[in-house]
Asker: 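Got a structure for you, questions after.
The model shown is predicted, which means the values in this text are computed figures rather than measured ones. Count residues from 1 along the sequence. Each ligand, and each atom within it, is numbered from 1 in the order the structure gives.
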Amino acid sequence: MKQRLLFLGPPGAGKGTQAQLLAAERQLLHLSTGDLLRGEVAAGTELGQEAEAVMARGELVSDALVLAIVRSRLEQQAAGGGGGWLLDGFPRNVTQADALRELLEQLGQPIDLVVLMELTDAVLIQRLLSRGRADDNEAVIRHRLEVYREQTAPLIAYYREAGLLQAVEADGTVEQIAERITGLLP
Ligand code: B4P
């Protein structure tokens with residue numbers, strides 16, 4: 001069974017929405033770097049203070065910061081018997097992907113599948129505007145899409161070349177998209 005998964009896609013593609021459903025259904029650890037960072041901001045930690053302004057601009061938080069968070073959670077999971085996990089919103093660039101590969105080699109837990117969620121800019125912008133989170137105004141959304149194209153989209157070729165990538169059309173109802181994703185996971 002495929003139980004070490006990674007969700008990739010532009011901001012607003014619904015990675016968080018689908019990851020939450022699938023993780024609950026299959027009892028996987030759901031690791032969303034966006035949620036973890038927002039948690040740090042809400043708690044007013046030093047890390048959160050550092051991340052807050054960067055997130056509000058729609059840019060990527062420093063690799064070292066994000067990597068430290070992910071490393072500790074995955075090490076904990078491996079130490080606790082090594083159940084499955086679902087990474088949502090991480091990695092966001094090639095440096096993070098290389099660091100993840102190295103960490104997973106150390107833990108002996110290779111990725112089983114990378115799900116790419118594809119959606120047009122017009123639908124993405126519409127969804128994010130109606131979500132209305134602090135970093136969801138039109139100028140910041142457009143900047144996040146540029147950051148995605150420049151820094152995150154190269155991971156599509158990265159994981160395709162590794163033979164791990166499968167794409168799903170992310171337009172439709174939440175249920176329809178969930179079905180497309182579970183269709184990739186026998
Ligand atoms: P994230 O929290 O990862 O958020 P996202 O990409 O904007 O959203 P996602 O794709 O998960 O969409 P969602 O399900 O919410 O990142 C936020 C910021 O954190 C980044 O800009 C960055 O600053 C920082 N960050 C995070 N990870 C980082 C990393 N690894 N390195 C550095 N910085 C990092 O869905 C969007 C909306 O659409 C919701 O309102 C949802 O209800 C709706 N929706 C979902 N599915 C739908 C459907 N089928 N139909 C209609 N609406 C739908």
Asker: Identify the closest protein heavy atom to atom 14 (O) of ligand 1: which residue and atom is it, and at what distance?
Answerer: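 For this ligand atom, the closest protein heavy atom is Thr17 OG1, 2.7 Å.
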Asker: State plainly whether one hydrophobic cluster holds both Leu145 and Ile156, where clusters connect Ile, Leu, Val, Met, Phe, Trp and Tyr through side-chain heavy atoms under 4.5 angstrom apart.
Answerer: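 No; Ile156 is not reachable from Leu145 via cluster members.
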Asker: State the atoms of ligand 1, each with its element, that fall below the 4.0 Å cut-off from a heavy-atom position in Arg38.
Answerer: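 So the answer, numbered in order with elements, is 2 (O), 17 (C).
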Asker: If we set the cut-off at 4.0 Å for heavy atoms, which region of Gln96 has an atom near ligand 1: side chain, backbone, both, or neither?
Answerer: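 Under 4.0 Å from ligand 1, Gln96 contributes side-chain atoms alone.
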Asker: Can you confirm, on distance only, whether ligand 1 has an N/O atom lying under 3.5 Å from any N/O atom belonging to Ser32?
Answerer: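 No: no nitrogen or oxygen of Ser32 is under 3.5 Å from one in ligand 1.
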Asker: What protein heavy atom lies closest to atom 48 (C) of ligand 1? Include the residue and the distance to one decimal.
Answerer: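 Protein heavy atom with the smallest distance to atom 48 (C) of ligand 1: Arg127 NH2, 3.3 Å.
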Asker: Does one hydrophobic cluster hold both Val147 and Val61, with members joined at side-chain heavy-atom distances below 4.5 Å?
Answerer: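 Looking at the clustering, Val61 is in a separate group from Val147.
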Asker: With a heavy-atom distance limit of 4.0 Å, tell me whether Glu59 approaches ligand 1 through its side chain, its backbone, both, or neither.
Answerer: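 Just the backbone.
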Asker: Tell me the nearest of Gly14, Gly172, Gly132 to atom 49 (N) of ligand 1, using heavy-atom distances.
Answerer: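 The residue whose heavy atom sits nearest atom 49 (N) of ligand 1 is Gly172.
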Asker: For atom 18 (C) of ligand 1, what's the nearest protein heavy atom and its distance?
Answerer: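 I find the closest protein heavy atom is Met55 CE, 4.0 Å.
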Asker: To which protein heavy atom is atom 16 (O) of ligand 1 closest, and what is the distance rounded to 0.1 Å?
Answerer: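 Checked against all protein heavy atoms, atom 16 (O) of ligand 1 sits closest to Arg92 NH2, 3.0 Å.
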Asker: Is the closest heavy atom of Pro10 to ligand 1 under 4.0 Å?
Answerer: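 A heavy atom of Pro10 does come that close to ligand 1.
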Asker: Are Asp88 and Lys15 within salt-bridge range, i.e. N to O under 4.0 Å?
Answerer: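 The answer is no: the pair does not qualify as a salt bridge.
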Asker: What atoms in ligand 1 come closer than 4.0 Å to a heavy atom of Gly89?
Answerer: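 Within the 4.0 Å cut-off of Gly89, ligand 1 contributes 27 (N), 28 (C), 29 (C), 30 (N).
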Asker: What pairs with Arg26 under salt bridge (charged side-chain N to carboxylate O under 4.0 Å, His left out), at least two apart in sequence or on another chain?
Answerer: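 Counting only residues at least two positions away or on another chain, Arg26 forms no salt bridge (charged side-chain N to carboxylate O under 4.0 Å, His left out).
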Asker: Does ligand 1 come near enough to Leu37 that some N or O of the ligand is less than 3.5 Å from an N or O of the residue?
Answerer: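 Checking ligand 1 against Leu37, no N or O pair falls under 3.5 Å apart.
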Asker: In the single-linkage hydrophobic clustering (I, L, V, M, F, W, Y; side-chain heavy atoms under 4.5 Å), do Met55 and Val140 co-cluster?
Answerer: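 In one cluster: no.
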Asker: If only side-chain N and O atoms count, and only distance matters, is there a donor-acceptor pair under 3.5 Å linking Tyr158 with Asn93?
Answerer: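 There is no such pair between these side chains.
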Asker: Between Thr173 and ligand 1, find which residue part has any heavy-atom pair under 4.0 Å and reply side chain, backbone, both or neither.
Answerer: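 Just the backbone.
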Asker: Run the numbers for me: atoms of ligand 1, each under 4.0 Å from some heavy atom of Ile177, listed by number.
Answerer: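 Contacts of ligand 1 toward Ile177, numbered from 1: 49 (N).
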Asker: Can you tell whether the side chains of Glu146 and Arg142 come within less than 4.0 Å, N to carboxylate O?
Answerer: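 No.
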Asker: Start with the C-alpha gap between Phe90 and Leu6, add the side-chain angles, then the distance that decides, and say whether side chain to side chain contact (heavy atoms under 4.5 Å, CB included) holds.
Answerer: CA-CA 8 Å; Phe90 174 89; Leu6 201 153; over 6 Å; no
Asker: Is ligand 1 under 4.0 Å from a heavy atom in the side chain of Leu60, in the backbone, in both, or in neither?
Answerer: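 Near ligand 1, Leu60 shows its backbone as well as its side chain.
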Asker: Could you tell me which atoms of ligand 1, counted from 1 in the order shown, lie closer than 4.0 angstrom to a heavy atom of Gly16?
Answerer: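 Listed by number with element, the hits are 9 (P), 11 (O), 14 (O).
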Asker: Will you find, in the side chains of Glu59 and His143, an N or O donor that is under 3.5 Å from an N or O acceptor?
Answerer: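 Short answer, yes.
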Asker: Determine yes or no for a side-chain-to-main-chain donor-acceptor pair under 3.5 angstrom, with Gln77 supplying the side chain and Gly83 the backbone.
Answerer: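 It does hold such a pair.
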Asker: Between the main-chain N or O of Leu184 and the side-chain N or O of Gln166, is there a donor-acceptor pair closer than 3.5 Å?
Answerer: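 No.
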Asker: Is any NZ, NE, NH1 or NH2 atom of the basic residue among Arg127 and Asp136 found under 4.0 Å from an Asp or Glu carboxylate oxygen of the other?
Answerer: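 No, this pair does not count.
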Asker: Among all protein heavy atoms, pick the one closest to atom 36 (C) of ligand 1 and tell me residue, atom and distance.
Answerer: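 Looking at atom 36 (C) of ligand 1, the protein heavy atom closest to it is Arg131 NH1, 3.6 Å.
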Asker: May I ask you to identify the nearest protein heavy atom to atom 27 (N) of ligand 1, giving residue, atom name and distance to one decimal place in Å?
Answerer: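 Result: Thr33 OG1, 2.8 Å.
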Asker: Measure Arg133 to ligand 1 on non-hydrogen atoms and call it side chain, backbone, both or neither using the 4.0 Å cut-off.
Answerer: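 For Arg133, the contact with ligand 1 is made by the side chain alone.
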Asker: For atom 10 (O) of ligand 1, grab the closest protein heavy atom and report residue, atom and distance to one decimal in Å.
Answerer: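 Protein heavy atom with the smallest distance to atom 10 (O) of ligand 1: Lys15 NZ, 2.8 Å.
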Asker: Check this for me: does any side-chain nitrogen of one of Asp171 and Arg180 sit under 4.0 Å from a carboxylate oxygen of the other?
Answerer: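 Salt bridge flag = no for Arg180 with Asp171.
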Asker: Provide, to 0.1 Å, the distance between atom 33 (N) of ligand 1 and the closest protein heavy atom, together with that atom's residue and name.
Answerer: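 For atom 33 (N) of ligand 1, the nearest protein heavy atom comes out as Val61 N, 3.1 Å.
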Asker: Using a strict 4.0 Å cut-off to heavy atoms of Gly12, name the atoms of ligand 1 that fall inside it.
Answerer: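 Near Gly12, meaning under 4.0 Å from one of its heavy atoms, ligand 1 has 5 (P), 6 (O), 7 (O), 8 (O), 9 (P), 10 (O), 12 (O), 36 (C).
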Asker: Would you list the pairs meeting side-chain hydrogen bond (donor to acceptor under 3.5 Å, both in side chains) in which at least one residue belongs to residues 105-119, sequence neighbours left out?
Answerer: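 Checked against side-chain hydrogen bond (donor to acceptor under 3.5 Å, both in side chains) - neighbours excluded - the pairs reaching residues 105-119 are Trp85-Gln109.
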Asker: For ligand 1, which atoms sit closer than 4.0 Å to a heavy atom of Ala13?
Answerer: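 Matching atoms, with element in brackets: 10 (O).
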Asker: For ligand 1, which is the ligand I care about here, please tell me if Arg144 has any N or O atom under 3.5 Å from one of the ligand's N or O atoms.
Answerer: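 Yes - when backbone and side-chain N and O of Arg144 are compared with those of ligand 1, one distance drops under 3.5 Å.
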